[in-house]
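Read through the structure below, which is laid out as structure tokens, and then see the notes.
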Amino acid sequence: MSVVTRFAPSPTGYLHIGGARTALFSWLHARRHGGRFILRVEDTDRERSTDESTRAILDGMAWLGLDCDEGPYFQSERGGRYREVIDAWLQAGKAYYCYRTKEELDALREAQRARGEKPRYDGYWRDNDETPPAGVTPCVRFKNPLEGEVVFHDHVRGEIRVSNRELDDLVICRADGTPTYNFCVVVDDHDMGITHVIRGDDHISNTPRQINMLRAMEVEPPEYAHVPMILGHDGKRLSKRHGAVSVMQYEAEGYLPEALRNHLVRLGWSHGDREVFTLDEMVALFDLDEVNPSAASFDPRKLLWFNQHYLKALDAGELARRLLPYLERAGLDPGAGPDLAALVRAQRERSTTLVELVENSRFFFEDFEAYDEKSARKHLSVAAVPALEAVIERLRALQDWSAPALHGVVEAIAGELEVGMGKVAQPIRVAVAGRAVSPPIDQTLEMLGRDRALARLERALEHARSQD
RNA sequence: GUCCCCAUCGUCUAGCGGUUAGGACACCGCCCUUUCACGGCGGUAACGGGGGUUCGAGUCCCCCUGGGGACGCCA
């Protein structure tokens, strides 16, 4: 049988790290087995679901390269089908109307808790012939089996057994007529032919109930894999306090999808000593049965390392293309600077994100107001005057404005002045970049261009002369 | 409170009864060097505790501790 997996987020927020990892595992499992991957939006809670969230989730999936073969399906559009099953169950005695009010249920739960019991519905309206109270609109509950236990094999946890006594009769249809989550999942997973349910382990306790409902539909349950949660660096549940929790926030901060994907896949899954995986390699190697059952913490520093790794590894032309929006967002004109592929090659080993790369490269695109104070004091003092004078003179005369020729000039001047390369290169660097950090000075000058470089050198010479 | 789950360096992890407990990130040192980086080399650092089983336990079992999850007319 061909594999069908799904990712089923509820549109009540953006796509966060945990959801993205679940989606990735689900996608990988489908791809690995040549199956299909379905996206299903679980928007039965109309109060909390928003179109904006749906869009954010779709954007996040697209950015991560997790394309779906079917969907997105929306549960809000499948009301007829749910109604049909509910009516059938009511008819067959597999479900019943419950007239318990919210207040009664609260009191019941409170009493149970006070007695040290697990709070659960007491089954009052199950097989009850009493006349329904007037003025109460009932909800519908599923008749969970009273005896026996549910046993299933989980691909990451192994065998899981839960006694039906632990389970109560869950609401499948609210008083307002809308179906609830656990019920919709069951109908959808069956209708859509899902073979492997891959989801966060916070759903593990829903699984026995869902299996019971699947049995009520007289179908075999799919296979399950409950993947561990991702915790923040402090070991607590991931939240806004841990910085960027939305996948698209990482995009905004200049991370590459390759990096986030790679970091995510290594959270809970490994393949020997290997750290770096291309998408194709993940697809070829990923195995649900190798997923680690314990929760993992998200380490932003490792993500940074992956990001720089891909910055160094990816094609410079491709990265140049991806750099465009970041330049624009930074208020820079991509046409006002050097060739972008060359820029990427020069800056990627000293940048960890695209945003950082842009900031490190600002001076190539626009003039700066002032020198970095510390750098200017150190490198643009009167002591730098002779070197700057020599540099300006020689560069004016230089015919071939290329890195090798520029390198020759710097080297020659250092030799003539009998000083180290740093005594010449650093003043030039501060003069043209405004600070003491930049790519190798010959490359920096070449990319900057003759006119810009000479103008900035002259300005720096004036500055140096004025220091005392 | 009740039920369930998890447990190797700070973090991600390898390990699947016999290992000097390996790798990666981070950190520290050295080298390279015109800056910052990159790179190279080296280093610090872990089996939560207690009982078993076994000739032998990080690996299997139990308890404790710690952490997490679930207990909605939320998903």
Side-chain angles (χ1 to χ4, degrees), chain A residues 8-12 42-45 47-49 75 98 100-102 105-106 109 112-121 137-141 154 157 160-163 165-168 170-182 184-185 200-206 208 226 228-229 231 233 235-237 263 266-276 292-306 308 312 347-352 360 375 379 407 410-411 414 419-430 433 435-442 444:
Chain A
S10 64
T12 52
E42 312 225 311
D43 56 351
T44 54
D45 183 351
E47 297 282 300
R48 298 197 301 156
S49 301
Q75 290 187 326
C98 168
R100 279 281 200 228
T101 62
K102 185 111 177 87
L105 289 171
D106 285 346
R109 278 191 276 265
Q112 287 167 327
R113 207 177 274 265
R115 268 181 271 133
E117 291 169 15
K118 185 174 182 171
R120 47 205 285 273
Y121 179 64
T137 315
C139 63
V140 178
R141 287 183 185 269
D154 187 284
R157 304 298 176 127
I160 296 178
R161 338 173 59 102
V162 178
S163 167
R165 292 186 211 239
E166 291 297 325
L167 275 21
D168 61 1
L170 75 160
V171 172
I172 58 176
C173 184
R174 302 182 183 94
D176 69 3
T178 59
T180 61
Y181 165 77
N182 272 296
C184 295
V185 165
D201 68 6
D202 48 336
H203 285 289
I204 210 158
S205 59
N206 289 326
H226 289 92
M229 314 205 59
L231 275 16
H233 205 191
K236 299 278 184 243
R237 198 169 180 153
H263 188 39
R266 286 286 293 102
L267 255 34
W269 177 76
S270 61
H271 187 75
D273 282 346
R274 196 141 173 201
E275 295 288 346
V276 175
N292 192 321
S294 57
S297 305
F298 186 85
D299 184 357
R301 291 174 304 187
K302 186 141 185 181
L303 173 60
L304 231 28
W305 177 79
F306 273 121
Q308 186 173 37
K312 287 183 294 189
Q347 293 280 221
R348 60 178 160 190
E349 64 197 32
R350 64 203 96 237
S351 308
T352 52
N360 289 342
S375 305
H379 301 294
H407 184 263
V410 175
E411 204 167 34
V419 295
M421 290 284 275
K423 289 282 186 241
V424 183
Q426 284 305 82
I428 301 176
R429 199 182 311 276
V430 179
R435 55 188 198 159
V437 175
S438 88
I441 200 62
D442 47 356
T444 300

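Letters A, B, ... are given to chains in the order of the sequence lines, protein chains preceding strands, and every chain is numbered from 1. Worth saying up front: this structure is predicted, and the values here are computed from it rather than measured.
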- Message: What contact category does A/Arg100 fall into here, base, sugar-phosphate, or nothing, at under 4.0 angstrom with non-hydrogen atoms?
- Response: base
- Query: So what does A/Ala296 touch, heavy atoms closer than 4.0 Å: a base, only the sugar-phosphate, or nothing?
  - Reply: sugar-phosphate
- Note on the structure: Atom CG of A/Asp201 and atom C1' of B/A7 are separated, to the nearest Å, by 14 Å
- Pairing partner (Watson-Crick or G-U wobble, both distances under 3.5 angstrom) of B/G10: B/C25
- Task: Ignoring hydrogens and angles, answer whether the base of B/U2 and the side-chain atoms of A/Arg120 contain a donor-acceptor pair closer than 3.5 Å.
- Result: no
- Message: Heavy atoms only, 4.0 Å cut-off, all strands: where does A/Asn292 land among base, sugar-phosphate and nothing?
- Response: sugar-phosphate
- Query: To the nearest 0.5 Å, what is the distance between CG (A/Leu304) and NE2 (A/His263)?
  - Reply: 10.0 Å
- Message: Tell me the interatomic distance from A/Met421, atom CE, to B/C32, atom C1', rounded to whole angstroms.
- Response: 15 Å
- Query: With sequence neighbours left out, what residues match A/His203 under ring pair (Phe, Tyr, Trp, His ring centres under 6.0 Å)?
  - Reply: A/Tyr181
- Note on the structure: Rounding to 0.5 Å, atoms CD (A/Gln426) and CD1 (A/Ile441) come to a distance of 7.5 Å
- Item | Nearest-Å distance for atom pair NE2/C1', residues A/His203 and B/A75 | 6 Å
Can you pull every protein N or O that's under 3.5 Å from an N or O on nucleotides 46-50 of chain B?
none

- What string of B, S and - do you get for nucleotides 21-29 of chain B, 5' to 3', when a contact is any protein heavy atom under 4.0 Å? -BBBSS---
